[in-house]
Amino acid sequence: MKISKPRGTRDFLPQDTKKRRNVENILRQVVRNWGFNEIITPTFENLELFTLKSGEGIIGELYNFRDKGDREMTLRPELTAPVMRMYVNEMQAYQQPVKLFYFENCFRYERPQKGRFREFWQFGVELIGSTNAEADAEVIALATEMLRSAGIKGDLHVNNLGVIRHLLSVLEPEQQSRIMRLVDKKDDVGLDELLEEIDAPADLRMKLLELICLTGEGAIAKARDLIGNIPEIEAFQELLSILDIYGVEYTIDFGIARGLDYYTGTVFEIYAEGLGAQNQVCGGGSYQLIKLFGGGDVPSTGFGLGFDRIMEVCEIQAPDDIPVVIIAKDSTRTDALKTAIRLRPHMPVYTDLMKRNFKAQLSYANNIGSSHVIIIGEQEVEAGKVTLKNMTTGEQELLSIDEVILELGHKQ
RNA sequence: GCCGGGGUAGGGUAGCGGUUAUCCUGUAGCCCUGUGGAGGCUACGAUUCGAGUUCGAUUCUCGAUCCCGGCCCCA
């Protein structure tokens with residue numbers, strides 16, 4: 001009976017895993033160098049954590065379950081909420097800002113397609129405690145640096161929601177939310193209908209439709225013309241000038257809304273080519289969730305990177321381990337094992353586990369791509385040495401084990 | 001939840017209402033019992049699952065399931 005893997009999950013073969021771990025470690029190193037500390041949160045949480053953040057509607061997309069103690073639980077669909085919960089539970093007294101990152105798997109009950117799986121990995125960063133433009137800029141610059149380090153060309157779009165919120169401030173909060181969601185979806189028809197339905201002032205309607213189309217060079221100036229010199233535009237301008245210092249390339253895009261109420265100001269998205277319909281590899285912004293989870297009035301800025309999508313377009317290959325194979329005869333297997341024990345602190349060592357004959361062992365070494373083999377036969381045992389054979393050149397010489405370590409150890 | 005295309009040895013393909021076939025790879029053995037990469041031969045190994053039509057289904061029909069792409073959604 002053959003059991004298939006669950007829908008939307010993947011098996012990672014050794015070479016896939018090696019490549020993923022390699023990229024993962026590259027990203028980790030970048031984030032650490034920017035002063036962020038890694039954390040781990042539980043794979044499952046109380047269901048309420050996520051319904052509190054995103055509403056009851058998301059339950060349909062969760063892997064939720066009732067545990068044996070009759071508690072409503074769910075596999076985590078994302079990590080911002082768990083990190084905020086963790087902060088509220090145990091980190092509120094930490095020196096600010098608190099700079100955290102995570103790399104974890106998440107679970108969503110969705111229909112799989114290109115770049116979308118039911119189990120997927122997110123690499124995320126949260127900077128907690130600062131509303132300053134410097135904080136937002138650091139987070140955005142870090143996101144672009146991470147992608148750059150993975151060899152990925154991303155297209156960064158930045159916005160400050162304060163501008164559009166300022167414009168909409170005369171409307172009911174509920175109407176504002178609906179408008180933001182439609183803007184996020186770029187649903188112009190729906191937006192027109194809604195504005196008609198709520199009978200929005202003609203002036204606001206005109207300005208809104210114009211604003212959300214503003215992108216690129218000069219967008220800030222045009223926004224000023226449209227709305228006036230409000231503090232939100234000033235703040236946006238400050239953020240952009242810091243990004244300029246970082247040398248980050250960006251596109252101003254007043255049409256990015258990210259659809260959710262808890263975003264407070266800065267929002268950004270990064271798209272990459274070659275990913276089909278799911279081309280967003282990064283999304284984030286500044287938000288306020290800590291209060292919602294029972295903490296203080298503490299702001300945060302963060303983003304999540306879709307690690308699987310990154311791997312989809314990442315071409316960085318992990319360096320190969322170079323295995324050393326010990327070849328022995330039946331009569332010298334004990335010596336082979338003892339040699340392996342001495343070599344393994346210094347290099348990856350394989351011994352024959354298949355009772356192969358001499359020739360087949362050599363062939364095996366060749367097939368797994370070993371650069372060197374160590375031959376241990378009666379002659380070598382008698383001499384108290386081993387034969388080191390270079391599989392590329394075919395050269396071989398009689399050496400002591402220490403000499404072998406000296407010869408090969410530094411290459412690993 | 002919706003739409004389209006698929007599922008044949010471990011991987012890649014072709015085929016077809018009548019004992020399927022082929023390439024790569026793996027393992028075991030042999031040509032070849034202390035020196036590999038080549039080649040040859042032999043063996044092992046698959047029609048996603050279920051129901052229906054049929055004398056007979058891998059093929060046709062229906063359903064399920066999984067995969068791929070798209071819609072919806074995307075925290």
Side-chain angles (χ1 to χ4, degrees), chain A residues 1-11 13 15 45 49-62 74 76-84 106-118 120 122 124 181 184-187 190 257-263 267 269 271 275-285 287 289 292 302-304 306 308-309 325 327-332 352-382 386-396 398:
Chain A
M1 173 90 191
K2 197 164 154 181
I3 311 280
S4 60
K5 65 183 183 299
R7 178 151 209 214
T9 63
R10 287 157 296 161
D11 291 320
L13 298 173
Q15 66 190 82
E45 295 269 2
L49 176 63
F50 300 103
T51 53
L52 202 56
K53 173 173 176 246
S54 311
E56 298 286 325
I58 56 155
I59 292 179
E61 286 154 59
L62 295 179
T74 185
R76 59 180 169 221
E78 50 107 12
L79 277 122
T80 300
V83 172
M84 292 303 116
C106 301
F107 307 85
R108 294 183 190 176
Y109 196 90
E110 294 185 291
R111 189 151 191 115
Q113 58 189 70
K114 189 175 177 69
R116 175 182 289 185
F117 305 95
R118 288 185 169 183
F120 60 98
Q122 277 202 341
R181 265 191 290 275
D184 184 46
K185 284 183 209 167
K186 313 228 180 290
D187 181 355
R258 291 196 68 70
L260 288 156
D261 292 339
Y262 54 76
Y263 283 101
V267 288
E269 298 182 344
Y271 317 97
L275 284 168
Q278 314 294 327
N279 68 339
Q280 189 185 321
V281 292
C282 178
Y287 58 89
L289 276 172
L292 187 62
F303 64 81
D308 303 284
R309 293 179 189 173
V325 179
I327 293 175
K329 302 190 67 185
D330 278 341
S331 58
T332 59
D352 175 48
L353 303 174
M354 303 298 289
K355 296 240 183 281
R356 290 189 167 102
N357 63 33
F358 190 92
K359 190 183 179 72
Q361 289 182 48
L362 202 49
S363 175
Y364 171 74
N366 190 59
N367 288 339
I368 66 168
S370 69
S371 64
H372 292 79
V373 299
I374 288 166
I375 297 170
I376 302 178
E378 282 114 10
Q379 298 154 26
E380 286 82 4
V381 172
E382 233 167 83
V386 300
T387 295
L388 177 67
K389 177 183 174 78
N390 182 321
M391 293 294 276
T392 314
T393 64
E395 287 165 11
Q396 52 188 62
L398 201 60

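All chains are named by letter (A, B, ...) in the order of the sequence lines, taking the proteins before the strands, and each is independently numbered beginning at 1.
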Proximity to the side chain of A/R111 - top-ranked nucleotide from B/U27, B/C72, B/G70:
B/G70
As its Watson-Crick or G-U partner within any shown strand, both distances under 3.5 Å, B/U27 has B/A43
Give me the distance, rounded to whole Å, that separates B/C23 from B/G36 when you measure between the C1' atoms they each carry.
25 Å
Roughly how many Å apart are B/G15 and B/U8, using the P atom of each and rounding to a whole number?
14 Å
Within this structure, what is the CZ-to-P distance between A/F120 and B/C73, rounded to whole angstrom?
17 Å
From CD of A/E110 over to P of B/C71, roughly how many Å is that when rounded to an integer?
13 Å
Nearest to side-chain heavy atoms of A/I375, which nucleotide of B/G70, B/C74, B/G34:
B/G34
Considering only heavy side-chain atoms of A/L62, the closest of B/A75, B/U27, B/G34 is B/A75
Quick check on B/G36: is either OP1 or OP2 less than 4.0 Å from any side-chain nitrogen or oxygen of A/K359?
yes
State the pairing partner of B/C32; accept Watson-Crick or G-U wobble contacts with both distances under 3.5 Å, and report none otherwise.
none
Any-strand Watson-Crick or G-U partner of B/A57, both distances under 3.5 Å:
none
Expressed as a whole number of angstroms, how long is the span from A/N367:CG to B/U25:P?
10 Å
Relative to the 5' end of RNA chain B, which residue comes earlier, A/Y262 or A/G394, by the nucleotide with the nearest heavy atom?
A/G394
Once you apply the 3.5 Å cut-off to both distances, tell me the Watson-Crick or G-U wobble partner of B/G4, or none.
B/C68
Nearest-Å distance, CD (A/E395) to P (B/U35)?
18 Å
Taking N and O atoms by type only, does the side chain of A/R108 place a donor or acceptor under 3.5 Å from a partner on the base of B/A75?
yes
Please classify the nucleic acid contact of A/Q280 as base, sugar-phosphate, or nothing, using heavy-atom distances under 4.0 Å.
nothing
Which of the following nucleotides, B/G34, B/A75, B/G36, is nearest to the side chain of A/F358?
B/G34
How long is the span from the CD atom in A/E78 to the NZ atom in A/K53, to the nearest 0.5 Å?
3.0 Å
Across all strands, who's sitting opposite B/C74 as a Watson-Crick or G-U wobble pair, both distances under 3.5 Å?
none
Measure the spacing between CD of A/Q361 and NZ of A/K329 and express it to the nearest 0.5 Å.
10.5 Å
Partners of A/Y109 by side chain to side chain contact (heavy atoms under 4.5 Å, CB included), sequence neighbours excluded?
A/Y63, A/R118
What's the gap between B/U48 and B/U58 when it is taken at their P atoms, as a whole Å value?
9 Å
Side chain to side chain donor-acceptor pair (under 3.5 Å) against A/K114, all qualifying residues, sequence neighbours excluded
A/E312
Does A/D187 form a salt bridge (charged side-chain N to carboxylate O under 4.0 Å, His left out) with A/R181? I'd like the steps, not just the answer.
CA-CA 9 Å; A/D187 181 355; A/R181 265 191 290 275; over 6 Å; no
When the P atoms of B/G6 and B/U20 are considered, how many whole Å apart are they?
24 Å
Please determine, for B/A21, whether a Watson-Crick or G-U wobble partner exists with both distances under 3.5 Å, and give it or none.
B/U13
Test log, rule salt bridge (charged side-chain N to carboxylate O under 4.0 Å, His left out), inputs A/K389 and A/E395:
CA-CA 6 Å; A/K389 177 183 174 78; A/E395 287 165 11; over 6 Å; no
Compare the minimum distances between each of B/G34, B/A75, B/C67 and the side chain of A/E78, then state the nucleotide with the smallest one.
B/A75
Counting any heavy atom closer than 4.0 Å, what does A/R10 reach on the DNA or RNA strands: base, sugar-phosphate only, or nothing?
nothing
Nucleotide nearest A/P112 (side chain, heavy atoms from C-beta), chosen from B/C68, B/A28, B/U35
B/C68
With rounding to the closest Å, how many angstrom separate the P atoms on B/U59 and B/C31?
44 Å
Between P on B/G36 and NE2 on A/H372, what's the gap in Å once rounded to a whole number?
18 Å
Nearest-Å distance once atom P is located in both B/G10 and B/U27:
15 Å
Taking the minimum atom-to-atom distance to the side chain of A/Q278, which one of B/G36, B/G34, B/C74 wins?
B/C74
Select from A/K5 and A/Y109 the residue whose nearest nucleotide in RNA chain B is closer to the 5' end of that strand.
A/K5
Just by distance, no angles: are the side chains of A/T74 and A/E45 close enough, under 3.5 Å, to form a donor-acceptor pair?
no
What's the CD-P distance between A/Q122 and B/A75, to the nearest Å?
10 Å
Take atom P in B/G45 and the same atom in B/G40, then report the distance between them in whole Å.
23 Å
Given B/A28, B/G37, B/U35, the nucleotide with the shortest approach to the side chain of A/M354:
B/A28
Sort out the partner of B/G50 for me: Watson-Crick or G-U wobble, both distances under 3.5 Å, none otherwise.
B/C62
Determine: side-chain N/O of A/R116 to OP1/OP2 of B/C74, distance under 4.0 Å, yes or no.
no
For B/G37, the nucleotide meeting Watson-Crick or G-U wobble distances (both under 3.5 Å) is none
How long is the span from the CD atom in A/E61 to the CZ atom in A/F50, to the nearest 0.5 Å?
13.5 Å
Ranking B/C73, B/G34, B/U35 by distance to the side chain of A/Q379, first place goes to B/G34
B/C66 to B/C72 separation - P atoms, rounded to the nearest Å:
23 Å
Could you tell me whether the side chain of A/Q361 has a donor or acceptor atom within less than 3.5 Å of a complementary atom in the base of B/U35?
no
May I ask you to say what A/G8 touches in the nucleic acid, namely base, sugar-phosphate or nothing, with a heavy-atom cut-off under 4.0 Å?
sugar-phosphate
Could you check whether A/T387 and A/E380, counting side-chain N and O atoms only, form a donor-acceptor pair closer than 3.5 Å?
yes
Which nucleotide, B/G34, B/A75, B/C67, lies nearest any side-chain atom of A/E380?
B/G34
